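In this text, all values refer to a predicted model and were calculated from it rather than measured experimentally. Heavy atoms only: backbone and side chains are in, while hydrogens, waters and symmetry mates are out.
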Amino acid sequence: QVQLVESGGGLVQAGGSLRLSCAPSGSIFGIYTMGWYRQAPGKQRELVAAITGRTSTNYADSVKGRFTISRDNAKNAVYLQMNSLKPEDTAVYYCKIETRLTGVDYWGQGTQVTVSS
């Protein structure tokens with residue numbers, strides 16, 4: 001089965017930057033939206049950013065102006081550039097791919113992002 005492999009998480013001080021990467025281990029057909037979610041301890045998982053097609057993006061209000069989502073169609077990879085990180089950004093970040101042809105969604109294993117003050 002296809003797995004989404006995430007990387008790029010870590011520990012960073014407030015104001016720092018991290019770049020998350022996510023790519024499937026195999027072919028996924030009918031990709032509609034690729035996105036990033038995060039879940040902090042004791043909180044619900046929330047959408048951080050998503051990209052549909054080649055250029056249409058959507059961001060949570062809390063990260064607008066600081067985070068940038070992008071994709072590489074050749075690799076079916078999706079990235080999240082996180083700048084000006086804040087302690088409230090601390091969470092496990094999950095990659096998600098939504099399909100239209102199969103109706104199957106794929107989730108990454110999660111990568112920990114910790115921002116210290």
Side-chain angles (χ1 to χ4, degrees):
Q1 60 183 15
V2 175
Q3 306 288 331
L4 301 187
V5 182
E6 300 182 27
S7 63
L11 174 64
V12 65
Q13 291 185 312
S17 299
L18 287 172
R19 184 173 185 262
L20 306 184
S21 299
C22 173
S25 62
S27 297
I28 297 178
F29 298 97
I31 293 176
Y32 179 63
T33 298
M34 306 180 78
W36 292 93
Y37 291 72
R38 67 186 181 188
Q39 187 167 22
K43 297 185 180 296
Q44 294 184 332
R45 189 171 298 185
E46 64 174 347
L47 174 67
V48 176
I51 182 166
T52 300
R54 297 179 61 250
T55 60
S56 183
T57 58
N58 182 40
Y59 296 93
D61 288 342
S62 60
V63 307
K64 286 182 179 178
R66 300 188 297 119
F67 291 10
T68 302
I69 188 171
S70 61
R71 64 180 294 173
D72 182 341
N73 289 341
K75 300 178 180 179
N76 275 339
V78 61
Y79 309 95
L80 186 67
Q81 179 66 46
M82 304 184 293
N83 298 326
S84 301
L85 283 162
K86 305 174 180 179
E88 50 263 45
D89 294 318
T90 295
V92 177
Y93 284 70
Y94 298 90
C95 173
K96 182 185 180 183
I97 293 178
E98 301 175 2
T99 68
R100 294 290 294 273
L101 296 180
T102 65
V104 176
D105 295 341
Y106 300 83
W107 287 92
Q109 82 284 358
T111 184
Q112 177 71 49
V113 171
T114 302
V115 184
S116 65
S117 59

Same cluster (ILVMFWY, side-chain, under 4.5 Å), [X] and [Y]:
X: L18; Y: V115; value: yes
X: Y94; Y: Y106; value: no
X: I97; Y: V2; value: yes
X: Y79; Y: W107; value: no
X: Y37; Y: V113; value: no

Say you draw a straight line from [atom1] of [X] to [atom2] of [Y]; how long is it, rounded to the nearest 0.5 Å?
X: K75; Y: C22; atom1: NZ; atom2: SG; value: 13.0 Å
X: D105; Y: K96; atom1: CG; atom2: NZ; value: 4.5 Å
X: Q81; Y: L20; atom1: CD; atom2: CG; value: 9.0 Å
X: S117; Y: L85; atom1: OG; atom2: CG; value: 13.0 Å
X: R66; Y: S17; atom1: CZ; atom2: OG; value: 10.0 Å
X: T111; Y: R38; atom1: OG1; atom2: CZ; value: 14.0 Å

Q) Taking the inter-plane angle between the rings of Y93 and F67 on a 0 to 90° scale, is it parallel (under 30°), tilted (30 to 60°) or perpendicular (over 60°)? A)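 Because their plane-to-plane angle lies in the 30° to 60° range, the rings of Y93 and F67 count as tilted.
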**Q.** Student check: side-chain heavy atoms of F29 and T102 closer than 4.5 Å
**A.**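 In short, these two side chains do not touch, never coming nearer than 4.5 Å.
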Q | Beyond-backbone contact of I28 with L4, side-chain heavy atoms, under 4.5 angstrom | A |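 Yes, at least one pair of side-chain atoms sits under 4.5 Å.
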I'd like to know if the side chain of [X] reaches the main chain of [Y], judged simply by a donor and an acceptor atom lying under 3.5 Å from each other, with no hydrogens or angles considered.
X: Y59; Y: I69; answer: yes
X: Q112; Y: G9; answer: no
X: T99; Y: V104; answer: yes

Q: Please determine if R100 forms a cation-pi arrangement with Y32, meaning its NZ or CZ atom is less than 6.0 Å from the six-membered ring centre and no more than 45° off the ring axis.
A: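 Geometry flag: set, cation within 6.0 Å and 45°.
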Q | Residues T33 and T52: side-chain donor-acceptor under 3.5 angstrom | A |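 Their side chains do contain a donor-acceptor pair, which is all the 3.5 Å distance test asks for.
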Q) In terms of side-chain geometry, is the basic nitrogen of D89 or K86 positioned less than 4.0 Å from the acidic oxygen of its partner? A)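 Judged by the 4.0 Å cut-off on N to carboxylate O distance, D89 and K86 do not form a salt bridge.
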